[in-house]
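Counting starts at 1 for both ligands and their atoms, following the listed order. Positions are given from 1, in the same order as the sequence printed here.
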Amino acid sequence: MLTTPRLTIRPFVPEDLEALHAIYGDPEVMRYVDGDYASLQATRAALVTHVEMHEKDGFAFWAVLREEELVGEVGFGRLGDEIEMGWTFARAHWGHGYATEAGHAALRRAPAAKLLAVIHPANEGSKRVAEKLGFERSENREVRGHRQLIYKRRGANVSAAGL
Ligand SMILES: CC(C)(COP(=O)(O)OP(=O)(O)OC[C@H]1O[C@@H](n2cnc3c(N)ncnc32)[C@H](O)[C@@H]1OP(=O)(O)O)[C@@H](O)C(=O)NCCC(=O)NCCS
């Protein structure tokens, strides 16, 4: 578990399903995110992946809580041989610096020194978060069937311990 002045970051648990679906099921939140998460089934499958990946690998997308309420997720996934970092927050909680605050904390548990972020060209908020976390704009790339901007970051502390 990680804590910041306002937030707690912990691995997902199956009981997060409803709260997570309130985030994934919001088309405005998922506007620039690949994949179709409209159904509860899809959120359940993603949640199983988060839980199992953390258990197996020690990293995954993690739950971000503000006073016990699930406000978003931050964490890491695999993109081929590379490690991707990502952030997604409930619409009601945008604009408070949570993605940046949680991102800085998660970077203390990054599973690789070199990270990338895959960002839709129109996702201005996410580009700004990436920059505030020390990512720099790199190339454009086709990822999961979409033309995306790649941001790269070097020099994260690598921790085998996970959360
Ligand atoms: C992107 C997202 C995670 C940002 O979360 P957040 O907690 O509001 O982020 P922060 O408050 O830490 O920082 C957001 C920054 O983007 C800026 N921003 C937000 N929307 C913007 C826009 N449309 N144009 C320009 N800047 C924008 C904010 O002003 C802020 O920058 P500042 O601190 O310099 O003012 C959130 O909007 C979200 O969950 N979006 C949907 C999911 C998503 O797209 N995830 C990323 C996939 S790559």
If hydrogens are left out, which of [options] has an atom nearest to [atom], that is, the closest non-hydrogen atom?
atom: atom 44 (O) of ligand 1; options: Ile119, Asn123, Asp34; result: Asn123
atom: atom 40 (N) of ligand 1; options: Tyr151, Tyr32, Tyr24, Trp94; result: Trp94
atom: atom 5 (O) of ligand 1; options: Ala90, Ala117, Gly97, Ala99; result: Ala99

Please answer: with hydrophobic residues joined when any side-chain heavy atoms are less than 4.5 Å apart, are Val143 and Tyr32 in the same cluster?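 No, Val143 and Tyr32 fall in different hydrophobic clusters.
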In this structure, would Trp87 and Val118 fall into the same cluster of hydrophobic residues linked by side-chain contacts under 4.5 Å? no
Would you say the side-chain atoms of Arg6 pair up with the backbone N or O of His96, donor to acceptor, closer than 3.5 Å? yes
Quick one: does any side-chain atom of Glu73 pair with a main-chain N or O of Trp62 as donor and acceptor, under 3.5 Å? no
Are Tyr24 and Tyr37 near enough that their ring centres are under 6.0 Å apart?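 Ring-ring flag for Tyr24/Tyr37: true, centres closer than 6.0 Å.
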Can you tell whether the side chains of [X] and [Y] come within less than 4.0 Å, N to carboxylate O?
X: Arg154; Y: Glu136; answer: no
X: Asp81; Y: Lys114; answer: no
X: Arg144; Y: Glu84; answer: yes

Are more than 12 heavy atoms from other residues, nucleotides or ligands located less than 6.0 Å from atom CD of Glu18?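 Check fails, neighbour count at 12 or below.
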Does [atom] have a protein heavy-atom neighbour under 4.0 Å away?
atom: atom 34 (O) of ligand 1; answer: yes
atom: atom 28 (C) of ligand 1; answer: no
atom: atom 18 (N) of ligand 1; answer: yes

Quick check on contacts: which atoms of ligand 1 are under 4.0 angstrom from a heavy atom of [X]?
X: Thr88; result: 39 (O), 42 (C), 45 (N)
X: Thr100; result: 10 (P), 12 (O), 13 (O)
X: Lys132; result: 10 (P), 12 (O), 13 (O), 15 (C), 30 (C), 31 (O), 32 (P), 33 (O)
X: Val129; result: 4 (C), 9 (O), 13 (O), 14 (C)
X: Val118; result: 48 (S)
X: Arg128; result: 15 (C), 16 (O), 17 (C), 30 (C), 31 (O), 32 (P), 34 (O)

Nearest protein heavy-atom contact for [atom]: which residue, which atom, what distance?
atom: atom 20 (N) of ligand 1; answer: Gly125 CA, 3.7 Å
atom: atom 3 (C) of ligand 1; answer: Trp87 CD1, 3.6 Å
atom: atom 39 (O) of ligand 1; answer: Phe89 N, 2.7 Å
atom: atom 24 (N) of ligand 1; answer: Glu124 CB, 3.1 Å
atom: atom 42 (C) of ligand 1; answer: Val29 O, 3.2 Å

Test salt bridge (Lys or Arg N to Asp or Glu O under 4.0 Å) on Arg137 and Glu131; report intermediate values, then the result. CA-CA 8 Å; Arg137 171 102 173 253; Glu131 284 161 6; over 6 Å; no
For Pro111 against Ile83, the heavy-atom pair lying closest together: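 Here Pro111 and Ile83 meet closest at CG-CG2, 3.8 Å.
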With a cutoff of 4.0 Å, is Gly95 in contact with ligand 1, counting heavy atoms of the residue only? yes
